[in-house]
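Here the structure is laid out as structure tokens; the discussion comes afterwards.
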Amino acid sequence: MKPYDWKSAEPAARELWKNAGLYATNLDADNLLYILVMFPYPSGARLHVGHWFQYSVFDTFCRFKRMQGAEVFQPMGYDAFGLPAENYAIKTGVPPQQSTAENIAISDRQFHEMGALFDDGHKVTTCEPAYYRWNQYLFLKLYHAGLAYRAQAPVNWCPSCQTVLANEQVTSDGECERCDSAVIQKELVQWFFRITRYADRLLADMKELDWPEETLQMQRNWIGRSEGTEVDFAVPARYCAGGVERKLRVYTTRIDTIYGATFMVLAPEHPLVAQVTQAEQRAAVDAYVAATRRLTELDRTATQRDKTGVFTGAYARNPLTGEEVPIWIADYVLASYGHGAIMAVPAHDERDHAFALKFGLPIVEVIRDPDERGQECFTGPGIMMSSGAYSGLTTAAGKQALDAWLAAHGLGGAAVSYRLRDWLISRQRYWGTPIPIVHCPRCGEVPLGVDQLPLLLPEDVAFRPHGSSPLETSERFMNTECPRCGGAARRDPDTMDTFVCSSWYFLRYPCAQLSDRPFDEDVIRRVTPVDIYVGGKEHATMHLLYARFLMKALRDAGCDVPHEPFKRLIHQGMILGANSQKMSKSRGNTVDPDVFVQVHGADVFRFYMLFGFDFQAGGPWSDDGIRASAAFLARVQRLVESVEDLFAVPADSAAASDAPEDRAEISALLYVLHSGLQSATRDLERFHFNTAAARMMEITNELYKLMGDPARKARNAVSIRSAVEILMRMLSPFAPHFAEHLWRETGHASVLAREPWPVPDARCLARNTVAVAVQINGKLRGTVEVEAGANEEVVLAAARQQSNIARYLEAGAVAKVIHVPGKILNVIVR
RNA sequence: GCCGGAGUGGCGAAACAGGCAUACGCGCGUGACUCAAAAUCACGUGAGCUACAACUCGUGGGGGUUCGAGUCCCCCCUCCGGCACCA
């Protein structure tokens with residue numbers, strides 16, 4: 001038997017797989033399983049530990065499913081648009097087209113060397129016109145369905161990336177998700193996708209998803225549905241510019257506190273501010289509005305901030321009490337939520353309370369705390385008081401009554417509000433999908449026709465971002481004709497958020513070669529949704545939410561796509577540095593996989609990724625773990641070498657030769673083998689690769705016990721040989737090149753990666769005798785070996801034979817016996 | 001503040017469904033092989049008390065349910081993640 005030389009064995013194994021057709025999928029198969037891993041950004045550096053973890057483990061799962069008989073569709077592609085390539089171009093002058101293509105070539109090769117069986121014929125690269133033209137096509141679909149629109153809104157601006165960002169791409173610290181710079185607010189005209197229209201469907205359809213609860217919860221938080229009331233306060237004509245009475249609509253979740261509303265607060269950006277500000281307050285209001293505009297998102301939403309605000313000089317009339325209350329502006333009220341205005345009830349809202357105290361505004365209690373805790377500001381539900389006819393009602397009853405009254409009087413009523421904002425998809429950057437819209441001085445906003453796609457990304461641009469899109473520097477691109485009137489017009493200079501690319505790429509994979517449509521709906525119906533999707537949980541409220549939204553939106557726009565993209569979702573954990581901190585160059589705790597791969601080969605590294613970590617938890621890196629993985633594979637190699645001769649004999653000739661005198665050892669081996677196989681199979685279904693690997697180690701250890709005695713080995717050739725074969729099969733998804741090598745060297749003509757996953761033999765799982773733990777009064781006092789299926793009397797009798805148990809039994813009378821067959825006997829002695 | 005997830009040997013971690021806590025691996029110890037070391041192979045390894053057996057304690061802390069709790073219930077602490085001036 002040849003020793004395992006990974007440098008020659010790994011390419012040889014891949015050659016075998018290629019010839020066996022393992023890199024291609026039959027999408028017409030009945031047993032098709034679409035398993036997908038989030039596609040990577042093609043970064044310049046070689047694969048890092050995180051890539052190895054995610055992609056090799058993913059491939060292991062796919063190989064396991066193939067062996068179990070599924071036709072696995074396991075495609076791969078690149079999320080190739082985006083800032084890194086563009087920033088690299090700014091720094092070096094190398095066009096993103098070029099650097100991206102080079103990076104993809106490197107990554108392709110590395111994934112191949114890892115042993116991954118990605119389907120070559122279904123590759124998707126988002127920065128190619130053959131892909132991004134369909135981004136434009138789908139954009140137009142949404143546009144015509146009224147789901148893509150251009151509007152002026154307060155938006156997040158990253159001063160470092162020089163572009164706007166979607167809400168999802170701003171962290172809760174008010175920083176840019178990409179570069180950590182503080183994000184500021186700007187009022188700009190931008191393109192949006194109408195995701196808010198889908199808020200309720202995104203919530204409702206969660207019940208169909210086999211996703212981690214944590215992730216669904218994050219999406220629920222992000223959508224932030226709340227049930228409340230809209231109510232109109234009137235601003236009398238004498239306060240309003242033009243002398244016309246205005247409506248001030250607010251949203252509240254506590255309409256039952258309306259009798260305690262002692263002032264109103266508008267967001268500084270609220271349109272009514274200009275209309276109602278009185279002359280004597282104008283200077284103060286203008287100054288405050290200007291100051292607010294300068295604040296970053298972070299400053300604005302910091303919870304511990306002192307309340308600030310300015311009186312407008314105007315008043316609004318409470319529709320229930322008829323009283324007039326002052327209208328203030330303050331930055332603690334956000335323009336983007338509800339109606340950008342609130343009724344302030346300082347007695348029952350912490351924020352309003354703080355504001356009222358600071359500015360000396362009246363505080364009127366209208367809710368009685370049923371528990372009489374005597375808090376200064378009671379925010380819980382209670383009993384209404386000083387509330388006219390509603391006094392005495394509970395919070396819940398009061399809300400209902402007031403909602404009804406407001407609706408009946410045309411002053412508002414029950415309403416639902418969401419934290420979710422529409423998805424801002426335009427970016428002032430170069431390396432993305434151009435937006436297929438023309439701005440015509442005569443016709444306005446005009447969409448391109450589908451026959452005019454792709455709208456190619458120009459190459460004659462100045463990259464350096466300067467606050468407007470780089471595309472504007474290409475006159476050839478910008479100047480065009482209006483598709484409607486044929487007159488001179490300008491193109492839209494922005495590009496799409498790269499999350500648009502990743503929101504539907506899984507529909508493109510099965511149809512990657514299709515040139516006249518983004519996807520074939522017949523194929524999509526058969527192949528999608530994705531059965532199992534693997535990726536990081538950092539995408540919970542970005543990619544994973546956008547993709548869900550886009551499926552629903554495309555359906556409404558007339559496309560026959562699944563209404564949910566991913567049935568089952570698995571998140572991988574993160575590999576940390578040896579010091580348990582996140583790996584980073586600045587912390588100096590990064591690990592370069594190549595250092596180990598070049599010494600041990602791909603399979604050792606891959607095996608460590610599988611064995612050393614719980615896939616869903618991750619954990620700290622350890623060099624010892626790599627050594628242990630290398631040692632284990634070498635141990636298996638020595639094991640197989642030592643039984644090589646058993647494979648020289650044809651299988652049936654030795655069929656009945658296992659020796660009866662070794663029955664106990666052999667049945668122990670077969671039990672460890674088949675019970676280990678059974679648990680490993682179950683573990684793999686649940687993505688617990690580490691424990692599955694542990695079962696393989698147990699099987700190996702058990703086999704070693706029999707190896708020492710050549711005579712015994714020869715007498716039990718059949719069982720040992722079958723055990724080693726099963727072990728090789730189990731190892732195949734974990735260390736595929738290595739296992740393939742062993743399979744070859746033991747004389748097998750077939751391709752191991754195409755062999756079936758073994759099935760545990762029930763006969764080997766049945767035990768003749770079992771160890772039953774014996775407890776006295778719940779404390780373990782010994783174990784007895786009894787025949788499997790022995791009843792309570794038999795076990796108890798066996799227990800009495802043991803002096804240590806007997807002395808407890810004799811100490812009193814047996815009051816009760818609990819017997820769980822094969823597990824435990826608990827005797828209660830009094 | 002609200003919502004998720006987690007806390008188990010010296011270390012990484014197991015425990016399906018309430019039934020022998022610590023599988024598997026690392027590390028450590030002992031032995032074999034070796035002139036020696038490494039590698040390999042075998043055995044041992046939660047703590048306390050012990051000559052051994054036995055016994056006692058032990059899954060973040062405190063209560064509870066149960067014949068029996070890492071696992072279920074209540075309270076609390078710590079860490080990680082999400083949301084948070086969202087009316």
Side-chain angles (χ1 to χ4, degrees), chain A residues 171-172 212-224 226 228-229 250-254 257 265 267 300-305 307 330-334 336-345 348-352 354-355 379 417-420 537-538 540-541 574 580 608 611-614 616-617 619-625 627-629 631-632 634-635 638 676 678-679 682-683 686 688 690-698 700-701 704-705 707-708 771-783 803-804 807 815-820 822-829:
Chain A
T171 67
S172 54
E213 179 52 37
E214 170 190 20
T215 307
L216 294 174
Q217 195 55 45
M218 273 193 231
Q219 291 202 347
R220 274 186 215 109
N221 281 345
W222 187 258
I223 293 168
S226 95
T229 304
V250 301
Y251 174 80
T252 176
T253 52
R254 290 300 301 275
T257 64
V265 186
R300 178 87 184 257
T301 57
T303 35
Q304 255 81 329
R305 260 175 82 226
K307 294 279 177 291
D331 63 9
Y332 81 91
V333 173
L334 306 175
S336 55
Y337 186 76
H339 297 284
I342 61 158
M343 63 173 210
V345 184
H348 304 293
D349 181 283
E350 299 277 4
R351 298 152 298 182
D352 300 345
F355 194 84
T379 58
S417 189
Y418 303 92
R419 215 190 70 89
L420 182 71
K537 64 180 117 185
E538 65 275 15
T541 56
M574 194 186 287
S580 295
Y608 172 54
F611 172 64
F613 307 88
D614 176 333
Q616 288 162 91
W621 171 268
S622 140
D623 286 358
D624 286 340
R627 289 219 323 276
S629 297
F632 172 67
R635 186 165 154 90
R638 285 189 298 275
Q678 188 175 48
S679 345
R682 198 188 56 221
D683 289 345
R686 299 184 305 154
H688 290 183
N690 53 342
T691 48
R695 300 291 86 82
M696 295 178 207
M697 292 175 171
E698 282 174 337
T700 305
N701 291 346
Y704 261 81
K705 289 184 190 166
M707 289 304 99
V772 174
V774 180
Q775 296 183 341
I776 307 295
N777 297 338
K779 277 192 190 295
L780 182 72
R781 298 300 177 189
T783 60
S803 55
N804 192 47
R807 72 192 172 95
K816 189 177 177 184
V817 179
I818 294 108
H819 180 228
V820 181
K823 294 236 153 119
I824 207 158
L825 181 80
N826 189 8
V827 187
I828 310 306
V829 177

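Only heavy atoms go into these numbers, but all of them, side chains included; no hydrogens, no water, no symmetry mates.
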Next on the checklist: Between A/Arg695 (side chain only) and A/Gln678 (backbone N and O only), is there a donor and an acceptor less than 3.5 Å apart?
Outcome noted: no

Next on the checklist: Return the pairing partner of B/C52 with a 3.5 Å limit on both distances, Watson-Crick or G-U wobble; otherwise return none.
Outcome noted: none

Checklist entry - Which part of the nucleic acid does A/Gly612 contact within heavy-atom distance under 4.0 Å: base, sugar-phosphate only, or nothing? => result sugar-phosphate

Checklist entry - Taking the C1' atom of each, how far is B/G18 from B/C73, in whole Å? => result 13 Å

Checklist entry - In terms of the angle between their ring planes, are A/Tyr251 and A/Tyr337 parallel, tilted or perpendicular, with boundaries placed at 30° and 60°? => result perpendicular

Checklist entry - Should we say atom CE of A/Met697 is surrounded by more than 12 heavy atoms from elsewhere, each under 6.0 Å from it? => result yes

Checklist entry - Reckon A/Arg686 has a side-chain N or O less than 4.0 Å from the OP1 or OP2 of B/A14? => result no

Item to check | Selection from B/C20, B/G4, B/C26 that lies nearest to any side-chain heavy atom of A/Ala628 | outcome: B/C26

Next on the checklist: Side chain of A/Asn690 only, heavy atoms from C-beta on: which candidate in B/A87, B/A14, B/A23 is closest?
Outcome noted: B/A14

Item to check | Residue A/Phe611, side-chain atoms from C-beta onward, closest of B/A87, B/C24, B/C83 | outcome: B/C24

Next on the checklist: Is the phosphate of B/A39 approached by A/Arg627 (side-chain N or O, under 4.0 Å from OP1 or OP2)?
Outcome noted: no

Next on the checklist: Suppose we define a pair by two distances each less than 3.5 Å, Watson-Crick or G-U wobble; what does B/U30 pair with here?
Outcome noted: B/A42

Checklist entry - Phosphate oxygens OP1/OP2 of B/C41: is one of them under 4.0 Å from a side-chain N or O of A/Tyr704? => result yes

Next on the checklist: Under a 3.5 Å distance rule, please check whether A/Asn777 uses its side chain to pair with a backbone N or O of A/Val829 as donor and acceptor.
Outcome noted: yes

Checklist entry - At under 4.0 Å, does any side-chain N or O of A/Arg781 touch on OP1 or OP2 of B/C55? => result yes

Checklist entry - Does the B/A84 base have a donor-acceptor partner in the side chain of A/Arg419 within less than 3.5 Å? => result no

Next on the checklist: Any base atoms under 4.0 Å from A/Arg682, or only sugar-phosphate, or nothing? Heavy atoms, all strands.
Outcome noted: base

Checklist outcome for this item: Under a 3.5 Å limit on both distances, the Watson-Crick or wobble mate of B/A13 is none

Next on the checklist: Taking the C1' atom in each of B/G25 and B/C80, what is the distance between them to the nearest angstrom?
Outcome noted: 25 Å

Next on the checklist: Any N or O donor-acceptor pair under 3.5 Å from the base of B/C85 to the side chain of A/Lys307?
Outcome noted: yes

Checklist entry - Can you tell me the Watson-Crick or wobble partner of B/C35, both distances under 3.5 angstrom? => result none

Checklist entry - Is B/G4 in the syn or the anti form, by the rule that syn lies within 90° of 0? => result anti

Item to check | Given RNA chain B, 5'-ward residue of the pair A/Ile818 and A/Asp614, judged by closest heavy atom | outcome: A/Asp614

Item to check | Worked verdict on A/Arg635 versus A/Asn701 for side chain to side chain donor-acceptor pair (under 3.5 Å) | outcome: CA-CA 9 Å; A/Arg635 186 165 154 90; A/Asn701 291 346; 2.9 Å; yes

Checklist entry - A/Tyr418 near the nucleic acid: base, sugar-phosphate alone, or nothing, with a heavy-atom cut-off under 4.0 Å? => result nothing

Next on the checklist: Looking at B/G4, I'd like to know if its phosphate oxygens (OP1 or OP2) sit under 4.0 Å from a side-chain N or O belonging to A/Thr215.
Outcome noted: no

Item to check | Minimum-distance nucleotide (side-chain atoms of A/Asn804 versus B/C24, B/A87, B/A54) | outcome: B/A54

Item to check | Main-chain N/O of A/Ile818 paired with A/Asn826 side-chain donor or acceptor, under 3.5 Å | outcome: no

Checklist entry - A/Ser629 near the nucleic acid: base, sugar-phosphate alone, or nothing, with a heavy-atom cut-off under 4.0 Å? => result nothing

Next on the checklist: Side chain of A/Met697 only, heavy atoms from C-beta on: which candidate in B/C24, B/A87, B/C20 is closest?
Outcome noted: B/C24

Checklist entry - Considering only side-chain heavy atoms of A/Thr783, which listed nucleotide, B/C20, B/C16, B/C55, is closest? => result B/C20

Checklist entry - So what does A/Lys779 touch, heavy atoms closer than 4.0 Å: a base, only the sugar-phosphate, or nothing? => result sugar-phosphate

Item to check | Assigned partner base of B/U59, Watson-Crick or wobble definition, under 3.5 Å | outcome: none

Checklist entry - When you measure from the side chain of A/Ala694, which nucleotide among B/C24, B/G4, B/C16 comes out closest? => result B/C24

Checklist entry - Rounding to the closest angstrom, what is the interatomic distance between B/G63 and B/A13 at atom C1'? => result 30 Å

Checklist entry - Given atom CG of A/Asn777 and atom P of B/C67, what is their separation to the nearest angstrom? => result 12 Å

Item to check | Span that lies between the C1' atom of B/U66 and that of B/U71, in whole angstrom | outcome: 13 Å

Checklist entry - Which residue, A/Val820, A/Val817, A/Ile776, A/Thr783, forms the side-chain contact (heavy atoms from CB on, under 4.5 Å) with A/Leu825? => result A/Val817

Checklist entry - With a non-hydrogen cut-off below 4.0 angstrom, is A/Asp624 in contact with a base, only sugar-phosphate, or nothing? => result sugar-phosphate

Item to check | Nucleotide opposite B/U71 in a Watson-Crick or G-U pair, distances under 3.5 Å | outcome: none

Checklist entry - Counting side-chain heavy atoms from CB outward, which of B/C3, B/C26, B/C24 is closest to A/Asn221? => result B/C3

Checklist entry - What's the CG-C1' distance between A/Asn826 and B/C20, to the nearest Å? => result 12 Å

Next on the checklist: For B/A42 and A/Asn701 - does any side-chain N or O of the residue sit under 4.0 Å from the phosphate oxygens OP1/OP2?
Outcome noted: no

Item to check | Pairwise P distance, B/A14 and B/U65 [rounded to whole Å] | outcome: 32 Å

Checklist entry - Considering only the C1' atoms, how many Å lie between B/U45 and B/G10, rounded to the nearest integer? => result 11 Å

Checklist entry - Separation of A/Ile342 atom CD1 from B/A87 atom C1', in whole Å? => result 5 Å

Next on the checklist: Under 4.0 Å, heavy atoms only, any strand: does A/Ala771 hit a base, just the sugar-phosphate, or nothing?
Outcome noted: base

Next on the checklist: When you measure from the side-chain N and O atoms of A/Arg695 to the phosphate of B/A14, is any distance below 4.0 Å, counting only OP1 and OP2?
Outcome noted: no

Next on the checklist: Among B/C55, B/C85, B/A14, which nucleotide has an atom closest to any side-chain atom of A/Thr691?
Outcome noted: B/A14

Checklist entry - Counting side-chain heavy atoms from C-beta on, which of B/C55, B/A21, B/G82 comes nearest to A/Met218? => result B/G82

Item to check | Donor-acceptor under 3.5 Å (A/Asn804 side chain, A/Arg781 main chain) | outcome: yes

Item to check | Between B/G58 and B/C52 - C1' atom distance, rounded Å | outcome: 23 Å

Next on the checklist: Applying a 4.0 Å non-hydrogen cut-off, can you work out what A/Gln775 is touching in the nucleic acid: base, sugar-phosphate, or nothing?
Outcome noted: base

Checklist entry - Just by modelled atom types, is the A/Ile223 backbone N or O under 3.5 Å from a matching donor or acceptor in the A/Arg419 side chain? => result no

Checklist entry - At under 4.0 Å between heavy atoms, what does A/Val817 touch on the DNA or RNA strands: base, sugar-phosphate, or nothing? => result nothing

Checklist entry - With a 4.0 Å cut-off on heavy atoms, is A/Arg220 in touch with a base, just the backbone sugar-phosphate, or nothing at all? => result nothing

Checklist entry - Have A/Tyr608 and A/Asp623 got a donor and an acceptor in their side chains that come within less than 3.5 Å? => result no

Checklist outcome for this item: Paired to B/U22 by Watson-Crick or G-U wobble criteria (both distances under 3.5 Å) is none

Next on the checklist: For B/C2, give the paired nucleotide (Watson-Crick: N1-N3 plus N6-O4 or O6-N4; G-U: N1-O2 and O6-N3; both under 3.5 Å), or none.
Outcome noted: B/G82

Checklist entry - Can you tell me how far P of B/A14 sits from CZ of A/Phe613, to the nearest Å? => result 12 Å

Next on the checklist: Using the C1' atom as the point on both nucleotides, what is the distance between B/C57 and B/U8, in whole Å?
Outcome noted: 15 Å

Next on the checklist: Any base atoms under 4.0 Å from A/Asp352, or only sugar-phosphate, or nothing? Heavy atoms, all strands.
Outcome noted: nothing

